[in-house]
Amino acid sequence: MTGTHKDAHTTALLMSDTSSFYITTPIYYVNARPHIGHAYTTVVADAIARRKRALGFDTWFLTGTDEHGQKIERSARAAGQTPQEFATAVSSQFRSLWDRMGLTYDDYIRTTEQRHRQGVQKLFRVLQQRGFIYKGSYTGQYCVSDELYVDAPPGSPCPDCGRITETVSEENYFFKLSAFERKLLELYEQHPEFIRPEARRNEVLSFVRSGLKDLSVSRTSFDWGIPVPGDEKHVIYVWMDALANYITALGYGSDSPQDQQRFARYWPANVQLVGKEIIRFHCVYWPAFLMAAGLPVPKSVVANGWLLFEQSKMSKSRGNVVRAETIVEILGSDALRYFLLREVVFGQDGSFSFDALVQRYNADLANGYGNLTSRAVSMIHRYFDGVVPAGEADARIAAAAETAAREFAVHFDAMDFSRALESLWGLVAAVDGYITEKAPWKLGAAPDAATRGALASILYTCAEALRVITALVYPVLPDATARIWAQLGLGDIAHADLKSVHWGQLAPGTRLGASSPIFPRAEKDTVARMHELETNDGGKPVEAETASEAAMTTSAPAAPVPAPAPTAANQTAEIAAKTAEGIAAQAATGMATKAPAALTPAASVGTAVTPAPPADKPATITIDDFAKVELRVAQVLVAEPVKGADRLLRLEVTLGDEVRQIVAGIAGAYEPEKLIGRKVVIVANLQPRKLRGLESNGMIVAASVGEKGKPVLAGFLEDIEVGARLK
């Protein structure tokens with residue numbers, strides 16, 4: 001039988017269609033709602049699936065929920081629901097979140113579906129018919145939380161979760177797991193890629209070499225599960241039930257020709273992603289079941305580590321669960337995807353904190369990729385009427401792009417996502433430095449052909465590098481890259497040919513789409529807002545959530561995001577932002593530019609209103625109040641009128657380490673082209689506000705002169721470094 005399995009597995013590897021690719025996540029247990037630990041594995045699967053599709057593979061991506069077992073039965077009882085009601089409600093939360101995040105799964109399997117029940121019962125019958133299942137009885141320890149049999153004395157803790165095990169004594173059906181000890185060891189030795197990473201492979205090898213005992217594969221002490229065919233007082237062990245989802249979702253057990261064709265096309269799976277805590281089930285029990293049934297085993301089972309929050313694994317019982325919805329609500333799905341794939345070395349445990357998330361977002365996305373996009377696209381619009389110019393590409397940047405593309409592909413396909421993104425962001429930094437070095441805004445006003453040609457070469461180089469970066473990072477940042485691809489005038493990236501990404505594929509003459517910010521900078525209160533949203537979760541503390549509340553469906557529209565708790569810092573920022581918005585709007589309509597009395601600190605946070613001082617006598621502030629306002633020197637890169645607003649200009653200014661968009665009411669006083677290259681003072685720590693549909697991320701400092709309040713920009717006689725802070 002060993003030889004039979006070996007030949008079947010080798011044949012499957014050789015005969016499987018190389019154009020097909022099947023990837024699975026574990027199916028998530030519905031004892032509580034999803035958190036970012038669940039999102040991590042599913043995001044990894046989605047990124048891999050997107051890349052495979054982009055490379056031309058016929059890809060099938062499966063996820064779903066595990067809904068049977070004693071733990072679910074008990075949780076449902078505690079919630080005052082039937083197990084089916086409980087499972088349906090929590091499963092809907094997983095699916096709703098995956099849809100909100102835009103995950104591109106091809107199928108979502110629930111173990112309570114009839115197609116799954118039919119396939120599991122077929123698998124059980126096949127194992128019986130082939131002589132690998134027999135009836136007996138079991139007395140021993142069982143961990144309800146992990147649905148795990150534990151070989152230990154009564155009262156012992158579970159070796160996986162630490163909870164005290166329960167003693168069970170019941171009639172069972174057993175699977176002859178012991179018969180597969182040598183066959184499994186041969187599988188691991190002949191196919192070392194079957195288990196990854198190496199630490200998990202060593203763990204499984206140690207477990208199997210210590211000796212395998214036959215496994216109980218039915219229970220009689222509860223009835224929430226799939227009945228054993230022909231003996232319905234038994235329900236099939238939840239792990240045999242759950243593991244079978246990977247084949248039942250493809251059509252195993254179905255009589256439909258279409259289902260049978262799908263199963264033949266995609267099985268065995270190319271990659272099965274799991275959390276490291278369930279590696280034993282997937283690399284010992286699962287291949288043994290498949291061998292016994294005469295089916296090929298997966299090509300690889302890959303385990304990711306845990307996300308640690310406050311240095312321990314996220315879990316509801318510890319009260320340290322972070323919801324993916326919190327991050328998606330504040331920063332968007334792409335921010336979470338990028339952080340998980342860049343910050344965490346896949347296969348190892350990784351630390352999560354809101355502070356680290358925001359730092360990575362601002363450094364890599366807002367100040368890095370987003371900043372580069374804004375600079376490149378805006379300058380082509382400004383200097384070449386939005387058409388990609390024909391120019392001679394810079395050889396250094398072209399070589400750097402080819403190297404980055406090669407390294408990204410190697411690391412990503414090896415599931416070393418962090419290094420793949422590190423390689424690509426090296427290119428982001430190189431192009432950003434190239435722009436700073438060449439200072440194309442200094443060439444824009446020069447009329448001679450030579451200067452014009454040099455400018456064309458610089459901006460073509462920037463645009464082509466941006467295209468290469470965008471094409472490669474698409475699987476990681478699908479929403480942002482779709483918008484950037486459209487800004488580059490290249491249409492829908494989901495339908496683009498990304499099979500071979502190399503330098504020189506952007507055609508001169510391509511007309512760009514409209515420029516708009518991609519990753520607005522996360523302001524200082526972002527972490528506080530996420531903590532507030534996480535703590536209150538729609539008005540109730542997460543820690544007080546009951547089993548019943550955990551099962552509530554999320555199909556209703558999301559509640560409005562609670563405002564952050566008022567602090568002196570965000571009160572001051574809010575006042576300044578409202579004042580800035582008011583000044584810009586008033587300038588556009590010719591109104592006086594005095595801040596209205598309603599913008600007092602008390603009024604801005606909805607508390608008791610303190611009477612405002614007379615208009616000719618401004619309220620005094622302390623030095624601490626003034627210190628909260630961050631004034632910095634910026635240089636104007638782009639200046640253009642805002643459509644439909646005679647006195648508003650849209651500016652793009654560099655602070656040295658980032659580029660921002662600011663909408664300012666100075667069009668009546670300054671011609672746009674004369675502002676290019678000018679150094680100005682901005683208030684840098686205002687919350688972003690929208691004016692005429694454009695986000696303004698800061699405020700230009702200007703004096704108000706004369707009866708009509710003509711704005712005059714603040715400036716310096718000396719040459720001041722861009723980005724310098726005013727004190």
Side-chain angles (χ1 to χ4, degrees), residues 22-32 34 37-38 41-42 45 62-76 83-84 86-88 90-91 94-95 105 107-124 126-127 133 142-149 158 160-161 172-173 175 177 215-219 222-229 234-253 267-269 272-290 292-293 295 297-298 301 303:
Y22 181 34
I23 185 169
T24 69
T25 72
I27 51 173
Y28 302 109
Y29 212 42
V30 293
N31 62 313
H38 303 112
T41 312
T42 321
L62 175 70
T63 191
T65 46
D66 179 4
E67 304 179 17
H68 285 141
Q70 190 172 10
K71 181 164 60 173
I72 300 303
E73 186 178 65
R74 291 182 180 181
S75 296
Q84 185 65 64
F86 184 91
T88 296
V90 180
S91 180
F94 278 90
R95 189 161 193 167
Y105 57 87
D107 196 1
Y108 185 98
I109 184 75
R110 296 181 58 192
T111 58
T112 50
E113 293 180 59
Q114 178 58 32
R115 60 171 173 159
H116 179 70
R117 173 178 173 143
Q118 181 177 327
V120 170
Q121 289 186 323
K122 176 182 177 178
L123 178 63
F124 196 94
V126 168
L127 296 180
I133 287 182
Y142 189 78
C143 175
V144 176
S145 178
D146 290 330
E147 302 285 7
L148 175 69
Y149 292 98
C158 171
D160 287 354
C161 71
N172 299 98
Y173 284 92
F175 172 72
L177 183 63
L215 176 68
S216 173
V217 289
S218 75
R219 301 290 306 278
F222 65 95
D223 60 8
W224 180 239
I226 297 174
V228 168
H234 289 258
V235 296
I236 296 171
Y237 175 43
V238 68
W239 271 106
M240 176 178 279
D241 171 350
L243 289 164
N245 91 89
Y246 305 123
I247 56 176
T248 64
L250 290 178
Y252 178 81
W267 191 258
Q272 298 209 256
L273 296 174
V274 300
K276 69 177 184 179
E277 71 278 8
I278 54 175
I279 193 73
R280 185 193 314 170
F281 300 101
H282 284 79
C283 294
V284 180
Y285 300 169
W286 179 225
F289 293 155
L290 292 167
L295 296 172
V297 302
V301 178

task = Could you walk me through whether Y173 and M240 pass the side-chain contact (heavy atoms from CB on, under 4.5 Å) test, one step at a time?
result = CA-CA 12 Å; Y173 284 92; M240 176 178 279; over 6 Å; no
Value for CD (Q70) from CZ (R219), rounded to nearest 0.5 Å, stands at 5.0 Å
When rounded to the nearest 0.5 Å, the distance separating CD1 of I72 from OG1 of T112 is 10.5 Å
Any heavy-atom pair between the side chains of [Y] and [X] that's under 4.5 Å?
| X | Y | result |
| --- | --- | --- |
| N172 | Y149 | yes |
| W224 | V238 | no |
| T24 | L273 | no |
| P227 | R117 | yes |
| R110 | V30 | no |
| R95 | T65 | no |
| W239 | L215 | no |

Can you name the nearest heavy-atom pair linking [X] to [Y], along with the distance?
| X | Y | answer |
| --- | --- | --- |
| P229 | F124 | CD-CD2, 4.0 Å |
| P34 | F94 | CB-CE2, 3.4 Å |
| W267 | P298 | CH2-CG, 4.0 Å |
| L127 | A292 | CD2-CB, 3.4 Å |
| I27 | T63 | CG2-C, 4.5 Å |
| A293 | L123 | CB-CD1, 3.8 Å |

task: Step by step, work out the side chain to side chain donor-acceptor pair (under 3.5 Å) result for S91 and Y108.
output: CA-CA 10 Å; S91 180; Y108 185 98; 3.1 Å; yes
>> Can a side-chain donor-acceptor contact be found between T25 and Y105 if the only test is distance below 3.5 angstrom?
In response: no
Is it the case that the side chains of E67 and T111 hold a donor-acceptor pair, with the cut-off being a distance below 3.5 Å and no angle test? no
Sorted by chain and number, sequence neighbours left out, salt bridge (charged side-chain N to carboxylate O under 4.0 Å, His left out) with D107 holds for R115
After noting the C-alpha distance and the side-chain angles of N245 and L62, does the key distance pass the side-chain contact (heavy atoms from CB on, under 4.5 Å) rule? CA-CA 9 Å; N245 91 89; L62 175 70; 3.5 Å; yes
When you look at Q118 and T248, which way does the side-chain contact (heavy atoms from CB on, under 4.5 Å) test go after all the steps?
CA-CA 8 Å; Q118 181 177 327; T248 64; over 6 Å; no
TODO: Look only at the side chain of Y29 and the backbone of H68, and say whether a donor-acceptor pair between them is shorter than 3.5 Å.
DONE: yes
For this session: I would like to know whether Y246 and Y252 meet side-chain contact (heavy atoms from CB on, under 4.5 Å); could you show each step before the answer?
Result: CA-CA 9 Å; Y246 305 123; Y252 178 81; over 6 Å; no
- Task: Taking the six-membered ring for Trp and the full ring for Phe, Tyr or His, determine whether the centres of Y237 and F175 are under 6.0 Å apart.
- Result: no
Hits for ring pair (Phe, Tyr, Trp, His ring centres under 6.0 Å) against Y285, two or more places apart or cross-chain, chain-then-number order -> F281
